[in-house]
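Naming convention: chains lettered A, B, ... in sequence-line order (proteins, then strands); numbering from 1 in each chain.
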Amino acid sequence: MAANPIEEMPKTYDFESTEQRLYRWWEESGWFKPEIAGPDAEPYVISIPPPNVTGALHQGHALFVSLEDLMIRHARMTGRAALWVPGSDHAGIATQLQVERLLESEGTSREAVGREEFLRRTWEWKQKYGSRITEQLRRLGASCDWDRERFTLDEGLSRAVREAFVRWYEQGMIYRGTYMINWSPGLQTAVSDLEVDREEEEGTLYYFNYPLKDGDETLPVATTRPETILGDTAVAVHPEDERYRAFVGRTALVPMLNREIPVIADEYVDREFGTGALKITPGHDPNDYEIAQRHDLAIVSILNKDATLNENAGPYAGLDRYAARDKLWADMEVAGMTLRTEPYRHAVPRSQRGGELIEPMISTQWFADVSGPAQAGLDAVRDGRIQIVPERFVKVWEHWLTNIRPWCISRQLWWGHRIPAWYCDDCEHVTVARDDPTECEACGSTHLHQDPDVLDTWFSSGLWPFSTLGWPEETPDLARYYPTTMMETGYDILFFWVARMVMMGLSFTDDVPFRIVYLNGLVRDEYGKKMSKMAGNVIDPIEVMDEYGTDALRFTLLTGTAPGNDMNLAISRIAGNRNFANKIWNAARFLVSNLEGDSPTGPPPGEGLSLPDRWIVSRLHHLIADVDRLFEGYLYGEAGRQIYDFLWSEYADWYIEISKIALYGEDEAAKSRTRHVLTYVLDQCLRMLHPFIPFVTEEIWQHIPHEGEALIVARWPEPDPSWLDEQAEAGMATLMELIRGIRNARAEYDVPPSRRIAAHIEAGEAFDLLDAQRELFTRLANVDAEQLTVDAALDDPPEQAAVVAIGGITAYLPLAGLVDIEAEQARLQKELDEVVGLIARSEALLANDGFTANAPEEVVSRERDKLARLQATRDSLQERLEALG
RNA sequence: GGGCGGUUAGCUCAGUUGGUUAGAGCGCUUCCCUUACAAGGAAGAGGUCACAAGUUCGAGUCUUGUACCGCCCACCA
């Protein structure tokens, strides 16, 4: 394919006109589909962490999409059948709240319109807004197979949820029971342990005297929640506590209610804490609940679902929990029962959503006993069937799965997968079935009503890697693409989601759901603060993409951090990476503008290459090998940074500048060869960069000579050791160092950049090298070709000259009128001091027998070379100083 | 209470298995609108790698401890 003319490449890369066009082209060409790799290709599969349908794109999405797209694009380029299954999550509570808010704005409510209408409205809402988030994923360049897009509440996935529920029920792992759960009074639903955060807060510790039924004695007790006194069913002391031993077995009276409760002994009580006596409220405290189980105590619930007090609270019934606390305490003060209060810092359970106080309550809910699957999940990681990256999260994994507790899976919501359990109105039997039953399986009655509750959203997300591929049907996709390859997600949902997927995958498919878990960190603001609307520090990915382009955002997210580490996102970095995209763009413009008839692609012929040619190709293949190694270790960020450095600091800064010698010269063969090398190296870099910054690389690739239709389906570069050329690299290193030295001298003597200077180089052993590369000095150090001499030895070095000494090479720069002997002496002396210091260090190291004996040969010889070079530099400098002085 | 992470240049961060004179971006200084790119180029300044001890020929990197910051888990009222 002929390259596009330079006229089509504006001076500045225009991402706005590029991104959408390319994305549509890729998608319409079918390149996001795994089938393009052919039937024999090894699959590489990622299930997207489904964003909430309610969601608006934030940096967390941008990060995971960038990472997963990087992985998928890389896999695609290496010939794998790359499949990225997209979709979204119905997000029970979040979505329900959105629609409730909408109804509220219409002056009505969920309860008023009824369940059926509410669900209709929610689906309507989903149709309207549900595609917003996926559109935003496209904007990021996500190369998902959109034909396979799924929604956790669609028909197939609902069938999967039914199947999973029924299977676990049949295995006795799912059961309905009355236990202590976390109740969210605002949302009016149970939530799981994971959805509760415990936060340290300033509270009060209330001391009071518990009255006893017989006699005037009292038992002092401390509590942080006086209102729960109304639900007390015992007072406990430690069995070996001398102070209270006599009280055990007696009867206490609940303040204000005068309900009789026993004084018991239990080792759970900490004698050191508070008064050493503990009031027991089994209905509203998990520990007390356990103690009540042990002692067969009554359980009294004093709270309604909205956290007002119920009839068990006697005169306090109907009051809000906090009002009841104040009133009860006031009443007790009047009654002379209180002792004192003191400020007290303690952990308070709060809802992850909204932060309201969670009430532990006794409630009838559905639970899943996942201890078996948890063990299977532990084994899968221990025996390496699942690899967690970075490895340190294995410890967290172990700890959580080892201490797992029953999972409360029912939610008192309407938006979600309804629990497939039907209660018989006649015999009370519970029918759990895959298909809606018409009659009771026990008595045949047709008077059935379905459980009103829905399942925890994570129950359906837990099936995601296989439900999206068709499970429980044995579909071709399930057979070919399961288990999936990579699960990439944030470490914050390791338990919520990853653990559930592993447990459910192992349980239902008898296989791991994925081979690798790659955990990314959280994106914070520039100063490490969590982004929030309240703090006003949100960096909106959409705005960033509008201003700097998608590639700039992606590259920043991908190279800004190491696996599992949080990252602080700074706009200045995004701008810098926008500049990088522009830099590559202009490197390509340079190439394209210098193309003539021939447009060779692929590796250049090995013969006839110049030193810089061999150098840049050698460097390229070092890079390819390094990038491969880094990809294998999932160190994508480091790989990206290395490509960046190579392209900017070696290809653009040096090779392109050097290439101008040939391109602006007369030698047609040299021109052609140089164009070939320029093209080849850029092409290989674009391939490696494509998974990071897909848009600008594809756009450039279309402009330069290339074989094949598109970069997105081009082959990933392969390292070729035969291109490695240590000699060329060493030669170029010397030349570059010398040129930098000359530039430095020019700057120090304030020689105008436009002024061509004379240079006389005493090259010593490097004569052949330097003599062959005279043009480099002419062009890169702006030396006058007429006044450049290169000799092995100089008999009569000029007096009035600045000197640059690099190894055994000495360059004399007769800067007429500018060189002050004293200043030059000072300058050389400073350099000499530096070199002498380095020599001392190097000599000491080499004099150390331990070093020469133990260090690898390569390290030692490198050190010897370094020392020799330094010594040669020192000699030159000394010689010159003597000549001047 | 247990566990994990961080501490590297003024700011934000890299540094893969220990091995050249510890890097990048932004910011700063001087110069340059040189025919790919001023979103650029050239030359610079700037770091006792938190602290202490240890292992080693050699430590930013490994071990132990300390300090500070952050996160996760956990049933002391």
Side-chain angles (χ1 to χ4, degrees), chain A residues 6 9 11-13 198 205 221-225 228 236 268-270 272-275 277-281 285-290 344 346-347 392-393 395-396 399-400 403 491-492 494-495 521-522 526-528 548 556 559-562 564-573 575-594 626 629-630 633 635 637-639 641 644-645 649 652-653 656-657 660 664 740 743-748 750 752-754 782 834 837-838 841-842 845 848-856 858-860 862-863 865-866 870:
Chain A
I6 181 68
M9 296 186 79
K11 228 173 158 177
T12 303
Y13 167 60
R198 302 187 74 85
L205 191 55
V221 169
T223 181
T224 53
R225 306 189 55 195
T228 63
Y268 169 78
V269 179
D270 181 348
E272 309 297 319
F273 189 89
T275 64
L278 175 64
K279 62 187 267 322
I280 304 296
T281 317
D285 184 283
N287 296 312
D288 294 3
Y289 180 72
E290 281 182 25
Y344 182 59
H346 63 131
R392 64 173 185 271
F393 286 103
K395 221 165 180 174
V396 186
H399 185 259
W400 193 71
N403 299 293
Y491 66 72
D492 53 325
L494 182 61
F495 307 139
L522 275 32
E526 187 169 357
Y527 306 104
Y548 299 99
T556 306
T559 57
T561 184
N565 286 9
D566 292 349
M567 83 174 294
N568 297 353
L569 185 62
I571 290 284
S572 63
R573 261 194 121 103
N577 287 324
R578 182 264 323 260
N579 297 354
F580 176 52
N582 196 48
K583 184 75 181 182
I584 317 168
W585 177 258
N586 274 290
R589 278 185 79 231
F590 169 79
L591 165 63
V592 170
S593 69
N594 282 289
D626 284 344
R629 183 176 49 80
L630 291 165
L635 299 165
E638 182 62 17
R641 284 186 292 269
Y644 175 106
D645 287 341
S649 317
D653 286 352
I656 283 186
E657 290 310 314
K660 290 172 182 172
Y664 300 165
R740 278 199 201 97
R743 286 168 172 174
N744 174 280
R746 292 182 60 120
E748 285 192 34
D750 287 329
S754 56
N782 205 15
E834 229 167 89
L838 291 172
R841 193 164 139 172
S842 185
L845 187 57
N848 184 335
D849 291 341
F851 175 70
T852 45
N854 295 321
E858 188 201 324
V859 174
V860 177
R862 203 190 308 148
E863 192 63 31
D865 291 349
K866 184 182 104 187
L870 287 169

Within the structure, does a side-chain N or O atom of [X] lie under 4.0 Å from either OP1 or OP2 of [N]?
{"X": "N594(A)", "N": "A36(B)", "result": "no"}
{"X": "K11(A)", "N": "C37(B)", "result": "yes"}
{"X": "T12(A)", "N": "C37(B)", "result": "no"}
{"X": "N579(A)", "N": "G40(B)", "result": "yes"}
{"X": "Y344(A)", "N": "A77(B)", "result": "yes"}
{"X": "Y491(A)", "N": "C73(B)", "result": "no"}

Reckon [X] touches a base, only the sugar-phosphate, or nothing at all at heavy-atom distances under 4.0 Å?
{"X": "N744(A)", "answer": "sugar-phosphate"}
{"X": "I656(A)", "answer": "base"}
{"X": "A562(A)", "answer": "sugar-phosphate"}
{"X": "R746(A)", "answer": "nothing"}
{"X": "G560(A)", "answer": "sugar-phosphate"}
{"X": "P856(A)", "answer": "base"}
{"X": "R841(A)", "answer": "sugar-phosphate"}
{"X": "F393(A)", "answer": "nothing"}
{"X": "T561(A)", "answer": "sugar-phosphate"}
{"X": "R573(A)", "answer": "base"}
{"X": "K279(A)", "answer": "nothing"}
{"X": "D653(A)", "answer": "sugar-phosphate"}

Starting at [atom1] of [X] and ending at [atom2] of [N], how long is that distance when rounded to a whole Å?
{"X": "F580(A)", "N": "A24(B)", "atom1": "CZ", "atom2": "P", "result": "15 Å"}
{"X": "R589(A)", "N": "U35(B)", "atom1": "CZ", "atom2": "C1'", "result": "11 Å"}
{"X": "K395(A)", "N": "C4(B)", "atom1": "NZ", "atom2": "C1'", "result": "8 Å"}
{"X": "D285(A)", "N": "C76(B)", "atom1": "CG", "atom2": "P", "result": "10 Å"}
{"X": "D626(A)", "N": "U16(B)", "atom1": "CG", "atom2": "P", "result": "13 Å"}
{"X": "D270(A)", "N": "G1(B)", "atom1": "CG", "atom2": "P", "result": "13 Å"}
{"X": "N848(A)", "N": "G19(B)", "atom1": "CG", "atom2": "P", "result": "17 Å"}
{"X": "N854(A)", "N": "G18(B)", "atom1": "CG", "atom2": "C1'", "result": "13 Å"}

Quick check against the 3.5 Å criterion: does [X] have a side-chain atom that pairs as donor or acceptor with the backbone of [Y]?
{"X": "N586(A)", "Y": "K11(A)", "value": "yes"}
{"X": "N744(A)", "Y": "R740(A)", "value": "no"}
{"X": "D566(A)", "Y": "L522(A)", "value": "yes"}
{"X": "T281(A)", "Y": "D285(A)", "value": "no"}
{"X": "S842(A)", "Y": "L838(A)", "value": "no"}

Tell me which nucleotide among [options] gets nearest to the side chain of [X].
{"X": "R578(A)", "options": "A38(B), C73(B), A39(B)", "value": "A39(B)"}
{"X": "R743(A)", "options": "A77(B), A43(B), C37(B)", "value": "A43(B)"}
{"X": "R392(A)", "options": "C75(B), C4(B), G44(B)", "value": "C4(B)"}
{"X": "S572(A)", "options": "C75(B), U16(B), C26(B)", "value": "C26(B)"}
{"X": "Y268(A)", "options": "C76(B), G3(B), A36(B)", "value": "C76(B)"}
{"X": "T224(A)", "options": "A77(B), C57(B), G44(B)", "value": "A77(B)"}
{"X": "F495(A)", "options": "C72(B), A77(B), G15(B)", "value": "C72(B)"}
{"X": "F273(A)", "options": "C76(B), G44(B), G15(B)", "value": "C76(B)"}
{"X": "N582(A)", "options": "A36(B), G19(B), A39(B)", "value": "A39(B)"}
{"X": "H346(A)", "options": "A43(B), A77(B), A36(B)", "value": "A77(B)"}

Taking any strand in view, what nucleotide pairs with [N] in a Watson-Crick or G-U wobble way, both distances under 3.5 Å?
{"N": "C4(B)", "answer": "G70(B)"}
{"N": "C51(B)", "answer": "G65(B)"}
{"N": "A22(B)", "answer": "none"}
{"N": "C28(B)", "answer": "G44(B)"}

[N] and [M]: how far apart are their [atom1] atoms, nearest whole angstrom?
{"N": "G1(B)", "M": "C62(B)", "atom1": "P", "result": "27 Å"}
{"N": "C33(B)", "M": "G40(B)", "atom1": "C1'", "result": "10 Å"}
{"N": "C37(B)", "M": "C72(B)", "atom1": "C1'", "result": "47 Å"}
{"N": "G44(B)", "M": "A39(B)", "atom1": "C1'", "result": "22 Å"}
{"N": "U61(B)", "M": "U16(B)", "atom1": "C1'", "result": "11 Å"}
{"N": "A77(B)", "M": "C4(B)", "atom1": "P", "result": "25 Å"}
{"N": "A45(B)", "M": "A22(B)", "atom1": "P", "result": "13 Å"}
{"N": "G10(B)", "M": "G70(B)", "atom1": "C1'", "result": "23 Å"}

Donor-acceptor pair between Y268(A) and D288(A) side chains, under 3.5 angstrom: no
Heavy-atom side-chain contact between L205(A) and H346(A) under 4.5 Å: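 Counting from C-beta outward, L205(A) and H346(A) never come under 4.5 Å.
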Ion pair check, R629(A) and D626(A), cut-off under 4.0 Å: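 Salt bridge present between R629(A) and D626(A).
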Toward the 5' end of RNA chain B, by each residue's nearest nucleotide, D750(A) or R629(A): R629(A)
Given RNA chain B, 5'-ward residue of the pair S842(A) and P752(A), judged by closest heavy atom: S842(A)
Parallel, tilted or perpendicular: rings of F580(A) and Y644(A) (30°, 60°):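 Rings of Y644(A) and F580(A): tilted, 30 to 60°.
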Cationic tip of K660(A) above F590(A) ring, under 6.0 Å, 45° of axis: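 Checked: cation-pi criterion met.
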Base A36(B) paired with E657(A) side chain (donor-acceptor, <3.5 Å): yes
